[in-house]
Amino acid sequence: MAWYTGKTALSVLAWGDSNMFGSGGFTPPGGQVTTTGLWCYASATGQVPYTEANLGWRNALDPNGTNRLPEYNSYFNDGPYATASYIGQVLGGNGNPAMGCGQVLKEGTTIDTYVYHSAAGGTTAAYWQSGNGWTTLERTVPAALASIPGAPTAFDCILASIGGNDAIQGVPQETFVTNMKAIRSQMIAEGWWVPGVTQFVILDMPRSGYFWDNFGTWQGVELVRARFNDRINRTNATGYEFADGIHYLPPYYTNAAEQAGDMFIAQVPKQKATFTIGGVRLSLGGEKLRVNSA
């Protein structure tokens with residue numbers, strides 16, 4: 001029996017850096033589309049700036065959304081979202097990983113899918129652990145969950161684009177892991193992440209172009225995967241390119257979104273967390289603790 005059998009709504013939390021915005025202003029393959037039963041927590045018309053009191057579940061995938069690109073650039077460069085995470089989407093269509101993933105979930109399961117989406121360019125895990133990213137989630141997610149039909153208290157799926165800026169900014173791998181552990185713990189405390197149940201996928205970092213050549217030794221995302229005993233995986237970015245040294249080129253937004261959606265539908269398997277203490281390697285999988293010589 002599939003994990004979503006019997007559900008009447010699927011809840012998705014999507015957060016992260018500029019690659020989660022899907023802000024390139026391009027038209028997704030097949031054109032801008034509106035998917036019935038796919039909902040985005042956004043302002044009434046996708047306008048900026050918005051007030052949080054105006055946020056709600058919208059079938060807001062406006063076929064003309066790319067016309068708002070100048071507004072987007074103006075507000076994000078100098079306005080209220082220069083340091084705060086942006087909730088929802090500006091561009092319309094399923095042209096970013098969050099909404100693209102939601103579309104795959106909706107079409108693959110036929111269940112109405114609700115995507116809470118918040119992103120801020122250039123952000124590291126620290127921003128989402130204790131900065132404006134976390135405070136924005138803490139302030140707005142409860143109302144979003146409560147207004148989904150059935151009022152779930154947890155997310156079925158969590159999609160993150162995180163780690164790239166930590167690597168670029170020279171954040172030590174262990175610091176990244178510590179901050180990601182804090183994010184996980186905070187989400188569990190809020191009830192949004194249920195260990196062993198909630199699925200977590202990270203958008204993989206590109207393996208080509210200037211990013212990977214310069215920062216290929218940074219393995220923070222892999223350390224998180226190795227040390228979280230959760231349903232956690234990452235997309236495969238082999239062959240991804242950057243448009244301008246910051247954002248994925250199309251169609252890689254679509255590629256990453258489809259991969260994430262397919263992973264969620266198939267259900268991400270539980271990781272076997274591994275630790276080395278005093279020269280002894282410990283493996284934690286399910287309820288079993290295995291001890292091996294390091």
To the nearest 0.5 Å, tell me how far [X] [atom1] sits from [Y] [atom2].
X      : Y      : atom1 : atom2 : value
Arg139 : Glu52  : CZ    : CD    : 4.0 Å
His117 : Cys40  : NE2   : SG    : 7.0 Å
Gln259 : Asn236 : CD    : CG    : 5.5 Å
Leu159 : Leu203 : CG    : CG    : 4.5 Å
Arg231 : Ile158 : CZ    : CD1   : 13.5 Å
Ile87  : Leu55  : CD1   : CG    : 5.0 Å

Of all heavy-atom pairs between [X] and [Y], which one has the smallest distance, and what is that distance?
X      : Y      : value
Ala42  : Arg58  : O-NE, 3.1 Å
Gln169 : Gly122 : NE2-O, 3.2 Å
Met20  : Ala14  : SD-CB, 4.2 Å
Ser118 : Leu137 : CB-CD2, 4.2 Å
Val268 : Ile232 : CG1-N, 3.3 Å
Ile162 : Thr124 : CD1-C, 3.6 Å

Given the rule in the side chain to side chain donor-acceptor pair (under 3.5 Å) test, do Asp156 and Ser11 qualify, once you have shown the distances and angles that lead to the verdict? CA-CA 5 Å; Asp156 298 302; Ser11 54; 3.3 Å; yes
If only side-chain N and O atoms count, and only distance matters, is there a donor-acceptor pair under 3.5 Å linking Asp17 with Thr123? no
Please determine, by modelled atom types, if Tyr116 and Thr140 share a side-chain donor-acceptor pair under 3.5 angstrom. yes
Under 3.5 Å, side chain of [X] to main-chain N/O of [Y], donor-acceptor pair present?
X      : Y      : value
Glu258 : Val104 : no
Thr235 : Asp204 : yes
Glu190 : Glu138 : no

Non-hydrogen side-chain atoms of [X] and [Y] separated by less than 4.5 Å:
X      : Y      : result
Leu13  : Met187 : yes
Asn19  : Pro97  : no
Pro149 : Tyr114 : yes
Asp166 : Trp218 : yes
Thr153 : Leu145 : no
Cys101 : Phe264 : yes
Leu105 : Tyr4   : no
Gln199 : Trp3   : yes

Inspect the contact between Asp112 and Lys106 and indicate whether a charged nitrogen and a carboxylate oxygen are less than 4.0 angstrom apart. yes
Determine, step by step, whether Trp15 and Ile183 satisfy the side-chain contact (heavy atoms from CB on, under 4.5 Å) criterion, reporting the C-alpha distance in whole Å, the side-chain angles of both residues, the deciding distance to 0.1 Å, and the verdict. CA-CA 12 Å; Trp15 57 274; Ile183 294 168; 4.0 Å; yes
Same cluster or not: Trp134 versus Val171, using hydrophobic residues (I, L, V, M, F, W, Y) connected whenever any side-chain heavy atoms lie under 4.5 Å apart? no
Look at the side-chain heavy atoms of Ile, Leu, Val, Met, Phe, Trp and Tyr, link any pair under 4.5 Å apart, and say whether Met263 and Val194 land in one connected group. no
Given Asp230, which partner from the list Arg184, Gln271, Lys270 fulfils the side chain to side chain donor-acceptor pair (under 3.5 Å) test? Arg184
Pair Leu223, Met180 - check side-chain contact (heavy atoms from CB on, under 4.5 Å), show working. CA-CA 10 Å; Leu223 291 178; Met180 290 294 285; over 6 Å; no
Worked check of side-chain contact (heavy atoms from CB on, under 4.5 Å) between Gln129 and Lys181: CA-CA 9 Å; Gln129 182 266 319; Lys181 285 181 178 178; over 6 Å; no
Would you call the rings of Phe155 and Trp192 parallel, tilted or perpendicular, taking 30° and 60° as the class edges? perpendicular
